[in-house]
Amino acid sequence: MAYISQQLLNMLQLGSIYAVIALGYTMVYGVLSLINFAHGDIFMVGAFLCFIAAGKLHMPFVPVILVAVAGTALLGVGVERFAYRPLRDAPKVSAIITALGVGVFIENFTLALSPYPRHVPEILPVVNWNFSGLTVSSIQVLIVALSIGLMVVLDFIVRKTSYGMAMRALSWDIKTLPLMGVPVNTIVALTFAIGAGFGGAAGTMYAMAFPVIDPYMGIMIGWKAFIAAVVGGIGNIRGAMLGGYILGAVETLATVALPSTYRDFVAFTLLLILLVFRPNGILGVPKTIKV
Amino acid sequence: MRAALNKLNLYWDALMSRRYLLFVFAGVGFLATIVVSRYGLIDQYVELVAMYVGINIILALSLNLVNGYMGEFSVGHAGFMAVGAYGASILSVKVFPSMYSMWCFPFAIIAGGVMAAAAAVVVAVPSFKTRGDYLAIVTLSFNMIVKSVLENIDFVGGPRGFLGMEKLTTLPWVFAWTAISIWAIRNFVYSNIGRGVLSVREDEMAGAAMGVDTRKVKLLAFVVSSFFAGVAGGLYAHLLQFISPRTFDILKSTEILIMVYLGGVGSIAGSIAGAVIYTVLIEALRVLGMWRMVVMPLLLVLLMIYRPKGIFGYTEFRWFKPATRKKKVSAAKPCFVAIEPERTVQGGDILVVEGLTHYFGGLCALSDFNLRLSSGRIMGIIGPNGSGKTTLFNLISGNYRPTRGSVKFDGIEITRMPPNEINSLGIARTFQNIRLFNELTVVDNVRVGMFNAVDYNATAAMLRTRGFNECEAEVTERAYSLLELFEIGRYARELAKNLPYGMRRRLEIVRALATRPKLLLLDEPAAGMNPTETGILMELVHRLRDEFRLTVMVIEHHMSFIMGLCERIQVLDFGVTIAAGVPDEIKNDKKVIEAYLGKSGGNFRTNTGTTKNCRTPKDGPTDVGQITPEIAQAIGRQAAPVRLEEGDEKYGRLHIDTVDKGKRLEGIKKAGYAGTDDFIQDIASNYDEIRMSEGSRLMLIKKNWKDKIAVIELRPCEEDDYYGITTAGIFRNDYAKNRTLLWDRGASPIAKPEQSGPLPYVTPKDAQGNNALRTGQSNASDNIISKPAEPVKPSAEAEINGNKDVL
C-alpha cells in the first residue's frame with residue numbers, strides 16, 4: 001500500500017514537471033502553429049539559472065525561482081523577436097528548422113560555457129514526513145503545489161483576461177487581429193514570455209528534485225514534454241496538463257514493472273498507439289479542410 | 001568584355017547541354033577513387049572527410065525525398081539509419097562468413113536498406129492518415145523507440161554499442177553508393193510516381209482528384225527514402241567499425257535535417273550542396289573547438305532568416321533534370337492502358353444520384369438530392385452561396401463522404417470510394433478556387449492528370465528501362481498535344497503559378513481532361529471572366545462535350561452563361577432542390593427569383609450565426625444603389641454581426657465585445673471571408689485600426705473566389721452611418737450622394753490595380769462617371785488618406801461633390 005502511494009507521489013511529481021514544460025509547447029503552438037523545438041533548451045537554461053542563483057550567488061528560494069522565470073522569459077522573447085518573427089510569413093518549415101537551430105545553439109552555447117554536469121545545491125531544507133511508511137518530502141509537495149498553482153494562473157489568464165482573449169483570437173486568425181486593434185506582436189511576445197517562463201519554472205523544479213544538471217538535459221525532457229502536449233492535444237492548454245500527468249504516470253509505471261531502460265520505449269510506443277486511435281490527442285479537435 | 005562573357009555563357013550552355021558528361025564524370029570519379037584509395041594518394045583525414053561527405057549526401061537526399069519532394073516533415077531519419085546500420089552489421093559480423101566479408105559487403109548493405117524500408121512500412125501505415133505535424137511526431141517517436149529497443153538488446157551490445165565490423169567502407173564504395181543514390185532518387189522524382197509525390201506536396205486533395213493514389217505514392221516515396229537511409233547507415237557502421245544506440249539519437253536526425261534545409265528542399269543539387277557544405281564546414285570549424293557547435297546553428301538560423309528556402313530551394317541543377325526525349329516510334333503505344341475508353345451510348349443515365357444528404361455537424365449542407373443525368377448532356381447547378389452546390393460536387397468526386405444516399409456512375413456504385421478511384425472510373429473535376437500544382441510546370445500539371453494512364457512501376461522508373469522511356473515519351477507527347485489543343489502550349493514549361501488567371505482556369509480544365517473522364521464537373525469555371533471570355537468558355541465547353549464525348553456538370557453564377565450553355569438546370573437553396581428544368585422554366589420560377597433576391601426583393605439576407613435563415617429585411621442599405629442579382633448572390637448569407645465596445649464618438653475603435661470574445665471572432669471566421677483574407681491583411685497592414693461607430697455591425701461579404709470583390713460593410717443598427725470597404729477603397733454609406741471615399745486603394749503604395757473590381761454598391765451610372773474608382777488611378781491628395789496608419793478623419797474637404805470625376 002505504502003509502495004503504491006509512494007509511486008503515485010512519484011507520478012505526480014514527474015507529471016507536474018512534464019505538464020509545466022508541455023504548457024510552453026502548447027501555448028506557442030496554439031498561437032502560432034509553430035513547434036518551438038527550442039523549448040526544451042529553455043527549460044535547461046532555467047535549471048542553469050537556478051544553479052547560478054542558488055549555487056553561485058547563494059540566493060534564497062523565492063529570488064532563485066524569480067531569476068529563473070524572468071531569465072527564461074526574457075530568453076523566450078528574445079528568441080521570438082530575433083529568430084521567429086522574421087519568419088512569420090515564411091514557409092512553416094523554415095520556422096521549424098530555425099527552432100531546431102536555436103535549440104542546438106542554446107545547448108552548445110551552454111556547453112561551451114559549462115562543459116561539465118553541475119550539481120545544484122539544496123535551495124530549501126528538505127523535510128521528510130512519514131505517514132505509516134509513506135515518505136513525503138517537502139520538495140515533492142512544493143513541486144506539485146507550485147505546478148498546480150501555475151496551471152491555475154495560466155488557465156485564468158487564457159480564459160478570463162483580455163490578453164488571454166487576444167491569444168485565443170490570435171490562434172484563430174493572425175491576419176484579422178490587427179484589424180480589431182489588437183497589437184499582435186505584443187501578444188506573441190507575451191505568449192513566448194509566459195511559455196518560456198513556465199519552462200524556467202519547470203527547470204527550477206527539476207533542479208530541486210534531480211540536482212545534477214547538464215546542457216543536454218533539455219533535449220530528452222523537452223521532446224518528452226512535447227509528446228505530452230501531443231497526447232493531450234497540442235494547442236490545448238488543459239490537454240497539455242493532462243498529457244503531462246499521463247506521461248508521468250506511464251513512465252513511473254514502466255519503471256516499476258520493467259527494467260528502467262524500457263521507460264522511453266514504453267512511453268513512445270504508447271504515444272504511437274494513442275495517435276493511431278486519436279490522431280488529434282485526447283482533448284484535441286480535428287481541423288477540417290475546406291475544399 | 002561583354003563579348004567574352006557571352007562567349008563564356010555559350011560555352012557553359014554547350015557544356016550543360018551535354019548531360020552524358022555527368023556519366024563520364026561519375027565513371028572517371030569512380031576510377032579515381034579506386035586509384036586514390038589503393039595507393040594512398042591523399043591524406044587519410046581528407047579521405048575520411050570525403051567518405052563522410054558521401055554518406056551525408058545519401059542521407060540528405062533520402063530525407064529530401066520525404067521532406068522536400070513530398071512536403072511531409074520527417075524528423076526521425078536517424079531511426080532508419082540505425083535500422084540499416086545494425087541490420088548490415090549483424091549480417092556481416094554474425095551471419096556472413098568473415099573470410100568472404102569483402103564479397104558479402106554489398107549484400108549486407110542492401111539488406112540493411114531493405115530492413116530500413118520494412119521499418120518504414122510499419123511507420124507509414126499509421127502515420128499517413130492525416131497530414132501536418134503528424135508524421136513529425138510519429139517519426140520522432142520511431143527514432144526514440146529504435147534507440148530504446150537497441151539499448152535493450154544484449155545481442156548487439158545494448159547501450160555499450162556494437163563492434164566487430166571490418167573496415168569495409170572504402171572511398172570507391174562510398175562513391176559508388178552515392179552515385180547510385182543520386183541516380184535512383186533523381187529517376188524516381190522525374191517519373192510518373194515522382195509527379196504523384198510532387199502533387200501530394202502541392203495539393204494532396206487536387207492530386208487525389210486527378211487520380212493519384214496518394215497513399216500509394218506516399219508510401220513508396222517513404223520506403224525508397226528509408227532504404228537509402230538504411231544504406232547510409234550500413235556504410236557508416238562499416239566506416240566507424242563501432243555503432244551504439246547513441247550514435248543514432250535525435251541529434252543525428254537534426255543534423256540530417258539541417259543539411260537538407262541548408263541546401264534547399266526539393267532539389268537534388270541542394271541536398272548535395274547542403275551535405276558537402278555542412279560536413280566540410282563542421283570539419284573546417286574544428287579550430288573553434290567547442291564553439292563550432294555554437295557557430296553552426298547560428299549560421300543555420302541566419303540562413304533561414306535571409307534565405308528561407310535554403311541555397312537551392314526548388315531549383316535544380318540542369319544536369320540532374322532528365323532530357324525531354326522526342327518520341328521515336330509514333331505507331332506503337334505499348335504502355336498506355338486503354339487509350340480510348342469505351343463511351344456509354346448517348347442517352348443512357350451516366351450519373352444517378354439518390355437521396356444524397358450531407359451534414360456538417362448540425363448544418364445540413366445538402367438534403368435529399370436526386371439527379372439523373374443522361375450521357376452527353378450539359379447540366380447546370382445554380383443557387384445562392386452556401387446552398388450546397390460545391391458540397392454536391394465534393395460528394396460526387398469523393399472528397400466528402402455523404403451522410404446518406406447513393407451515387408451511381410455508369411452503373412457502378414461509387415458512394416464511398418476514395419477520390420482517386422472515382423477519378424479513374426471517369427469523373428474529373430475542377431475547383432472553385434483553382435487548385436493547380438503551383439510549383440510544377442504547366443506540362444507537369446497535365447502529366448499528373450495522366451497518372452493512371454501510365455503503366456510502369458517504381459523499379460522500372462528508377463532503372464530507366466526501355467519501357468519506361470517509351471511510356472514517358474508518349475505521356476509527354478500527349479500532354480503537349482492537349483496543351484496545344486487548348487492553346488496554352490506556349491506556356492508548357494512555365495510554372496503553373498506564373499500563369500495569368502484565365503490560363504489557370506483553362507489549365508485546370510486541361511488537367512481534368514488529361515485523366516480522360518466521361519463526366520466533367522466544372523465548379524464556377526467562368527468566375528472572374530469578362531463577357532468575352534465567358535463567351536469563349538461557353539464555346540469551349542460545347543466543344544469539349546462534342547469532341548471528347550463528355551457529359552458536363554457546371555456550377556456557375558453567371559446567369560447568361562448558365563442559361564446559354566445548359567440543357568437542364570437544377571437550383572439549390574439551403575441544400576434543398578427548389579427547382580429543376582430547362583433554362584426557360586428556371587428563369588421564370590418564382591421560388592428561384594425569391595432565393596436570389598430575397599422575399600422583399602432587394603434586401604440582404606443575413607445569417608446571424610445563431611439562427612439559420614435569419615433575414616433582416618428592415619435595415620438593408622437599399623439606399624446605396626440598386627441591388628442587382630449579382631450583388632445579392634455575392635452577399636449570400638456570409639454575414640456576421642460584431643458588437644462594438646463603447647467607443648469614441650463616430651469612429652469608435654473597433655473592439656470585440658467583452659462578452660463571448662472568443663466566440664465572436666470565431667463567428668467572423670466561420671462566416672467565411674476565405675476569399676478576402678488577402679485583402680483584409682492588406683488593410684490590416686496599412687491601418688492600425690478601423691474606426692466604426694458604436695453599435696455598428698461588421699459584415700463581411702465575399703464573392704466566391706479570391707481577389708475580386710471583397711466587401712466589408714460596417715453597417716448601422718441604430719445610426720445612419722456605415723462604411724463600406726471594397727477592393728477600391730473604404731467609403732461611407734452616403735457614397736451614392738456624396739462620394740466620400742475615405743481611403744483609395746489605388747492611391748496606396750501597395751495597390752494592385754488589376755485587382756480592383758467594380759464596386760457593387762455603385763449603380764452602373766455611378767461607375768461610369770467615376771472611372772478613377774474603377775481603375776484605381778486617382779489623386780491621393782484630394783480626399784484620400786494616403787498615409788497608412790493615419791486615423792480616418794472625414795472632414796468637410798474630404799467630402800466632394802458627386803459629379804466631380806476625381807476621387
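Note that these values count all heavy atoms, side chains included, but never hydrogens, waters or copies made by symmetry. A note on names: the letters A, B, ... follow the listed sequences, proteins ahead of strands, and every chain is numbered from 1.
- Asn152(B) places a side-chain N or O within donor-acceptor distance of the main-chain N or O of Thr261(A), the cut-off being under 3.5 Å.
- If you take OG1 on Thr269(A) and CE on Met144(B), they are separated by 12.5 Å, rounding to the nearest 0.5 Å.
- Note that CE of Met296(B) is 13.5 Å distant from CZ of Phe105(A), once rounded to the nearest 0.5 Å.
- Taken to the nearest 0.5 Å, the CE atom of Met220(A) stands 5.5 Å off from the NZ atom of Lys147(B).
- Heavy-atom contacts from other residues, nucleotides or ligands closer than 6.0 Å to OH of Tyr359(B) number 12 or fewer.
- Using a 4.5 Å cut-off between heavy atoms, Tyr84(A) makes no contact with chain B at all.
- In this structure, the portion of Ile250(B) lying under 4.5 Å from any heavy atom of chain A is its side chain and not its backbone.
- Rounding to the nearest 0.5 Å places CD1 of Ile145(B) at 6.5 Å from CZ of Phe265(A).
- With contacts defined as side-chain heavy-atom distances shorter than 4.5 Å, the pair Trp291(B)/Phe109(A) qualifies.
- Neither the backbone nor the side chain of Ile106(A) comes within less than 4.5 Å of any heavy atom in chain B.
- Taking 4.5 Å as the limit, some side-chain heavy atom of Leu271(A) sits within range of a side-chain heavy atom of Ile137(B).
- Using a 4.5 Å heavy-atom cut-off against chain A, the contacting residues of residues 252-264 of chain B are Thr254(B), Leu257(B), Tyr261(B).
- At most 12 non-hydrogen atoms from other residues, nucleotides or ligands lie less than 6.0 angstrom from OH of Tyr163(A).
- Residue with the most contacts toward chain A among Val149(B), Val75(B), Leu300(B), Leu140(B): Leu140(B) (heavy-atom pairs, distance under 4.5 Å).
- For Ala90(A), the part sitting under 4.5 Å from any heavy atom of chain B is the side chain, from C-beta outward, and nothing else.
- Between Pro115(A) and Met290(B), the shortest heavy-atom distance links the atoms CB-CE, 3.7 Å.
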Can you give the donor-acceptor pairs under 3.5 Å from side chains of residues 94-102 of chain A to other protein atoms, not counting sequence neighbours?
unit_1	atom_1	unit_2	atom_2	d
Ser94(A)	OG	Pro308(B)	O	3.0
Thr98(A)	OG1	Ser94(A)	O	2.6

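- Of the atoms belonging to Leu111(A), heavy atoms from both backbone and side chain fall under 4.5 Å from chain B.
- Under a 3.5 Å cut-off, the side chain of Asn108(A) and the backbone N or O of Met293(B) do form a donor-acceptor pair.
- In this structure, chain B has heavy atoms under 4.5 Å from both the backbone and the side chain of Val104(A).
- With rounding to the nearest 0.5 angstrom, the CD1 atom of Ile273(A) is 11.0 Å from the OG atom of Ser141(B).
- When all heavy atoms are compared, the tightest approach of Glu107(A) to Leu251(B) is OE1-CD2, 4.1 Å.
- Counting heavy atoms of neighbouring residues, nucleotides and ligands inside a 6.0 Å radius, atom CZ of Arg88(A) exceeds 12 of them.
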